[in-house]
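Just below is one structure, and these are the notes that go with it.
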Number of protein chains: 2
Amino acid sequence: MLSKKTKYGLKALTFLASQKGRQPVQISEIAKQENISRKFLESILLTLRKSGLLGSKKGKGGGYYLIKEPKDIPMTVVMRVLEGPIAMVPCVSLNFYEKCSDCPDEASCSVHMLMLQVRDSALEVYKNNTLADLVP
Amino acid sequence: MLSKKTKYGLKALTFLASQKGRQPVQISEIAKQENISRKFLESILLTLRKSGLLGSKKGKGGGYYLIKEPKDIPMTVVMRVLEGPIAMVPCVSLNFYEKCSDCPDEASCSVHMLMLQVRDSALEVYKNNTLADLVP
DNA sequence: GCTTAGCCTATTAAATCGATAGGATAATAA
DNA sequence: TTATTATCCTATCGATTTAATAGGCTAAGC
């Protein structure tokens with residue numbers, strides 16, 4: 001299940017991408033437009049900024065803005081920042097690999113086999129979409 | 001992330017599918033072979049039985065067995081029983097649909113749009129695999 | 001009628017999630 | 001310089017979910 005963090009993060013990013021210029025938009029403005037808790041959204045935007053996707057400006061006229069053009073932001077990046085691994089199981093994760101403590105042999109593990117396919121198919125979708133594709 | 005319940009369930013089903021005949025196999029036997037907590041596995045097998053995938057036999061010589069042939073068990077069914085919705089968000093779920101409380105319009109929702117693609121790609125994988133395909 | 005092995009419900013410890021609180025910091029305007 | 005504005009940051013909290021365990025009940029077989 002997609003976390004609310006990811007859901008809200010995607011909505012916020014899409015909202016920013018749909019703005020005319022790249023002027024800063026206040027948290028409250030985004031929260032209001034997208035029906036998101038102001039404080040919760042704040043923490044999400046913070047992680048998006050720390051990950052390098054967003055820039056911010058303090059004080060009057062401040063807010064958050066996209067650093068790159070939406071078409072240059074692949075969903076693989078966004079999803080990994082917000083949701084973490086794309087794989088459903090650490091042993092098939094490209095960026096967050098971890099060996100299973102049970103499971104003596106990955107090559108012959110049915111879960112591994114199936115989840116590899118699922119990861120690849122999800123990856124395919126995320127690779128084929130940039131933030132620009134999410135703007136209606 | 002895949003729950004341990006699903007992971008263990010998949011391993012147990014694969015183990016049963018790999019058996020020669022369709023003789024009942026004891027919980028303890030499966031638990032031992034697959035490194036799964038005996039009691040936890042018991043509860044998982046119970047839900048698999050209630051869902052109609054497994055049959056069971058009590059008393060001496062008892063255990064669990066597959067009701068159908070592995071090749072006749074699509075992974076869509078297995079995953080929905082064990083993990084629940086295949087969709088990452090209820091508003092794109094075929095079998096567990098639910099409207100989002102936020103989000104005034106699904107058609108123009110970026111999350112909806114993206115997650116529809118992800119669901120379809122996952123569904124494609126699960127449709128193309130039966131339990132038989134998981135046996136090494 | 002004893003043993004075996006699944007049936008079933010309840011409970012619990014830990015982790016995660018969604019949300020909130022509140023002061024610190026920096027940028028702008030008066 | 002000072003007031004205002006809006007982000008920065010850390011800490012906490014309640015609710016839910018997850019993984020696992022406990023323990024008695026029921027039915028099948030010998």
**Message:** OP1 or OP2 of C/dA19 versus the side-chain N and O atoms of A/Tyr8: is any pair under 4.0 Å?
**Reply:** yes
**Message:** Under 4.0 Å, heavy atoms only, any strand: does B/Lys7 hit a base, just the sugar-phosphate, or nothing?
**Reply:** nothing
**Request:** Measure from the side chain of B/Lys39, starting at C-beta and using heavy atoms only, and say which of C/dA27, D/dA20, D/dG23 lies closest.
**Result:** D/dG23
**Request:** Ignoring backbone atoms, establish whether B/Arg49 has a side-chain N or O less than 4.0 Å from OP1 or OP2 of C/dA5.
**Result:** no
**side-chain N/O B/Lys5 vs D/dT17 OP1/OP2, d < 4.0 Å** = no
**Prompt:** From D/dT7, C/dA19, D/dC9, pick the nucleotide closest to the side chain of A/Lys50?
**Reply:** D/dC9
**Fill in**
Closest non-hydrogen contact found for B/Ile67 with B/Gly55 is CG1-N, 3.4 Å
**Request:** Rounded off to whole Å, could you give me the NZ-to-C1' distance for the B/Lys57 and D/dA28 pair?
**Result:** 8 Å
**Request:** Give the nucleotide from the list C/dA27, D/dA6, C/dC8 with an atom nearest to the side chain of B/Leu46.
**Result:** C/dC8
**Fill in**
Checking C/dG22, D/dT21, C/dC8 against the side chain of A/Glu42 (C-beta onward), the nearest is C/dG22
**Request:** Output the single nucleotide from C/dG6, C/dG22, D/dA20 whose closest atom is nearest the side chain of B/Ser56.
**Result:** C/dG6
**Request:** Please determine if A/Lys127 and A/Glu124 form a salt bridge, counting it only when a charged side-chain N lies under 4.0 Å from a carboxylate O.
**Result:** no
**Prompt:** Going by atom types only, do B/Glu83 and B/Ser3 share a side-chain donor-acceptor pair under 3.5 Å?
**Reply:** yes
**Request:** Starting from P on D/dA19, measure out to CG on B/Leu82 and report it in whole angstrom.
**Result:** 12 Å
**Item:** Transitive ILVMFWY side-chain link B/Tyr65 to B/Tyr8, under 4.5 Å
**Value:** no
**Fill in**
To the nearest angstrom, the CE-P distance between B/Met1 and D/dT18 comes to 13 Å
**Item:** Separation of atom NZ in B/Lys32 from atom P in C/dA5, rounded to whole Å
**Value:** 14 Å
**Prompt:** Salt-bridged, B/Lys71 to B/Asp133, with N to O below 4.0 Å?
**Reply:** no
**For atom NZ of B/Lys58 and atom P of C/dT3, their distance in whole Å** = 19 Å
**Whole-Å gap separating C1' (C/dC8) and CD1 (B/Ile44)** = 16 Å
**Request:** Round to the nearest Å and state the distance from A/Lys4 atom NZ to C/dG18 atom C1'.
**Result:** 8 Å
**Item:** Shortest side-chain distance from A/Ile27, nucleotide among C/dG18, D/dA27, D/dT7
**Value:** D/dT7
**Asked** B/Phe40 side chain: which of D/dA19, C/dT25, C/dC8 is closest?
**Response** D/dA19
**Asked** Can you check the B/Gln26 CD to C/dT4 P distance for me, whole Å?
**Response** 10 Å
**Item:** Residue closer to the 5' end of DNA chain C, B/Ser28 versus A/Lys60 (nearest nucleotide)
**Value:** B/Ser28
**Request:** State, without any angle test, whether A/Glu98 and A/Ser93 hold a side-chain donor-acceptor pair at a distance under 3.5 Å.
**Result:** no
**Prompt:** Which residue, B/Gly62 or A/Gly59, contacts DNA chain C at a nucleotide closer to its 5' end, judged by nearest heavy atom?
**Reply:** B/Gly62
**Asked** Does B/Ser37 place a side-chain N or O at less than 4.0 Å from the phosphate oxygens OP1/OP2 of D/dT21?
**Response** yes
**Request:** Assign A/Leu45 to base, sugar-phosphate, or nothing according to its heavy-atom contacts below 4.0 angstrom with the strands shown.
**Result:** nothing
